[in-house]
There are 2 protein chains.
Amino acid sequence: MTTTARPSAARERILETAFALFYARGIRAVGVDLIIAESGVAKATFYKHFPAKDDLVVAYLDKVDGVWTGQLEAAAEAAGPDPADQLVGLFDALGTACRREGYRGCAFINAAAESQPGTAVHDRTVAHKTAVLDWVRTLAERAGARDPESLARSLTLLLDGGLASGSLDASPDAPKAAKASAQALVEAATAA
Amino acid sequence: MTTTARPSAARERILETAFALFYARGIRAVGVDLIIAESGVAKATFYKHFPAKDDLVVAYLDKVDGVWTGQLEAAAEAAGPDPADQLVGLFDALGTACRREGYRGCAFINAAAESQPGTAVHDRTVAHKTAVLDWVRTLAERAGARDPESLARSLTLLLDGGLASGSLDASPDAPKAAKASAQALVEAATAA
DNA sequence: AACCTAACAGACAGATCTGTCTACCTGCAA
DNA sequence: TTGCAGGTAGACAGATCTGTCTGTTAGGTT
C-alpha cells in the first residue's frame, strides 16, 4: 500500500511533455516518438501508461480542462461576490490567456478540428464545452437573468470567439471587445 | 487561343475533391494519394498544378473564402437596405451553415489549428479573418455606429464563436443566441 | 504527317508514424 | 536470496505520406 503514489513520475513527465507539444504544434503534428524522446522515457513505458496515442490525447485534454476551468473560476471569483460581475469578470481570463506567449487558440476547438465526431477525443471536447456552458448558466441564474440559458449561450459564444480569434490576431482588441460586449449583454439581461 | 479555359478540368476536379475531403476530415488527415485517387487524376498531373500539398491547401482556402464571403454578403443583402439590419441579417448565414449536413466548424479556424504561424496556410487564414472584419466594419460605419471598430470586433467575435460551437453542439440554439445578441449589440451601438 | 501539350498510369525513394517485442537493469520486499 | 514491479534501450514490422521519375496515350495545330 505504500507504492510511491500511483501517478508515477514517468507518466507525469510524458503528460507534461505532451501538454506542451500538442498545444504548440497540434496533435497530429506530434508523433509519439518525439514525446518519448523529449520526456526521456522508454517506449515500453509510454505504451504501458497510454496503450494508444488517443489515450494520451484524452489525458492531455483532461489536463487542459483542469487548468482552463481553474483560470475561469479564479477570474470570476476575483470580480467580487456579485454573480453579474462574475459573469463579466470571467472575461479577464480570456485577456490573460491571449496575451500569453505561444498562445495558439482554444485547445479544445483545435482538437475538435483534428478529430472526427464520435471519437473519444471529439467527445472530450464536447464534454468540456458543455461543462463550461452549464457553469455559466448557473452563474446567469444566480445573477437573476431573465433568460439564463440564452445569456449563457451568448457569453460562451463570445468566449469561444475570443479564444479562436486570439490566435489569429495578436492585438488585444478582441478580448477587450469581448468583455465590453459581455458587460452590455449581462446588463441588458438582468435589468429590471 | 482556344485552349479549353486555363482552369483545366483536371485542376478543377482536384480542387473540388480537396474541398470536400479537407473540410470533412481535416487537412493533415487527408493525403495527396487519396485526393489523387478520388479525383481520378494522375500523380504527375496533380503535382503539375500544385507543386506541393500546401499549394493545394491555400487554393482550398481561397475557394472556401469565396463561398463563405458570398453567403455572408447574400444574407446581409437579404436583410434589406438598412445597414443596421444587414449587420444582424448576416447571422442568418451562420444558422444556415450550422444546419448543413456535415458541418464541421469554420474551415479557417480549423486550418489555423493544423498549421504553424508564419506558414502560407496560416497567413491565408489571418487574411480571411481580417477581410471579414474590415467588411463588417464598413457596414458598422454605414449603420452610424458610435464606435464602428469595436462593434465590428464584437460581431465577428460572435460570428466566430458560433462558427466554432456549431460543430460541437448540434442544437440550433447557438446561431439563434448569436443573432439575438448581435441585434442587442447593434441596437445599443447605434441608439441615439 | 509531324509535333506538342495535357493528361494518364504507376513504380519508386525516403521519411515518418504507430504499435510490438525482446532483453536488460534496479530497488525493494518477503 | 529470490522474485517482482517498473523502468530503460532500441530493433522491428507494417502502414502511410510526400514528392520524383519514366513512359504512354489522346487530341489538336501546323
Side-chain angles (χ1 to χ4, degrees), chain A residues 1-61 111 113-116 119-122, chain B residues 1-61 111 113-116 119-122:
Chain A
M1 219 140 270
T2 52
T3 53
T4 47
R6 274 307 341 287
S8 81
R11 193 193 139 98
E12 220 47 39
R13 236 154 57 222
I14 294 167
L15 199 45
E16 203 68 39
T17 306
F19 184 89
L21 290 176
F22 281 160
Y23 183 72
R25 306 195 197 171
I27 292 167
R28 274 195 106 102
V30 174
V32 296
D33 277 349
L34 179 60
I35 294 174
I36 285 164
E38 209 84 350
S39 57
V41 113
K43 206 157 193 179
T45 305
F46 175 93
Y47 278 101
K48 178 172 193 116
H49 289 294
F50 305 100
K53 185 185 178 182
D54 269 9
D55 295 321
L56 174 60
V57 176
V58 171
Y60 152 68
L61 292 178
E114 292 198 76
S115 61
Q116 288 295 314
T119 59
V121 172
H122 198 272
Chain B
M1 218 140 273
T2 52
T3 53
T4 47
R6 272 307 341 288
S8 81
R11 193 195 138 98
E12 220 48 39
R13 237 154 58 222
I14 294 167
L15 200 45
E16 203 68 40
T17 306
F19 185 89
L21 290 176
F22 281 160
Y23 184 71
R25 306 193 197 174
I27 292 168
R28 275 195 105 102
V30 174
V32 296
D33 277 349
L34 178 61
I35 294 174
I36 286 165
E38 209 84 350
S39 57
V41 111
K43 205 156 194 180
T45 306
F46 176 92
Y47 277 103
K48 180 174 192 106
H49 289 294
F50 304 100
K53 185 185 178 182
D54 269 9
D55 295 321
L56 174 60
V57 176
V58 171
Y60 153 68
L61 292 178
E114 293 199 76
S115 62
Q116 288 295 313
T119 60
V121 172
H122 199 273

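What you see is a predicted model; the values in this text were computed from it and never measured.
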Do any N or O atoms from the side chain of [X] and from the backbone of [Y] form a donor-acceptor pair under 3.5 angstrom?
{"X": "B:E114", "Y": "B:I27", "answer": "yes"}
{"X": "B:R13", "Y": "B:S39", "answer": "yes"}
{"X": "A:T45", "Y": "A:V41", "answer": "no"}
{"X": "B:T119", "Y": "B:S115", "answer": "no"}

- Task: Let me have a per-nucleotide readout for nucleotides 9-22 of chain D, 5' to 3', with B, S or -, counting only protein heavy atoms under 4.0 Å.
- Result: BBB------BBBB-

Any side-chain N or O of [X] below 4.0 angstrom from OP1/OP2 of [N]?
{"X": "A:T45", "N": "D:dT8", "answer": "yes"}
{"X": "A:S8", "N": "D:dG6", "answer": "no"}
{"X": "B:H49", "N": "C:dA7", "answer": "yes"}

- For B:F46 and C:dA9, what is the distance between atoms CZ and P respectively, to the nearest whole Å? 16 Å

- Just how far, in rounded Å, is C1' of C:dA9 from NZ of B:K48? 16 Å

- Message: How long is the straight-line distance from CD of B:E12 back to CD1 of B:I14, given to the nearest 0.5 Å?
- Response: 9.5 Å

- Query: So among B:V57, B:I35, B:L56, which one has a side chain to side chain contact (heavy atoms under 4.5 Å, CB included) with B:V30?
  - Reply: B:I35

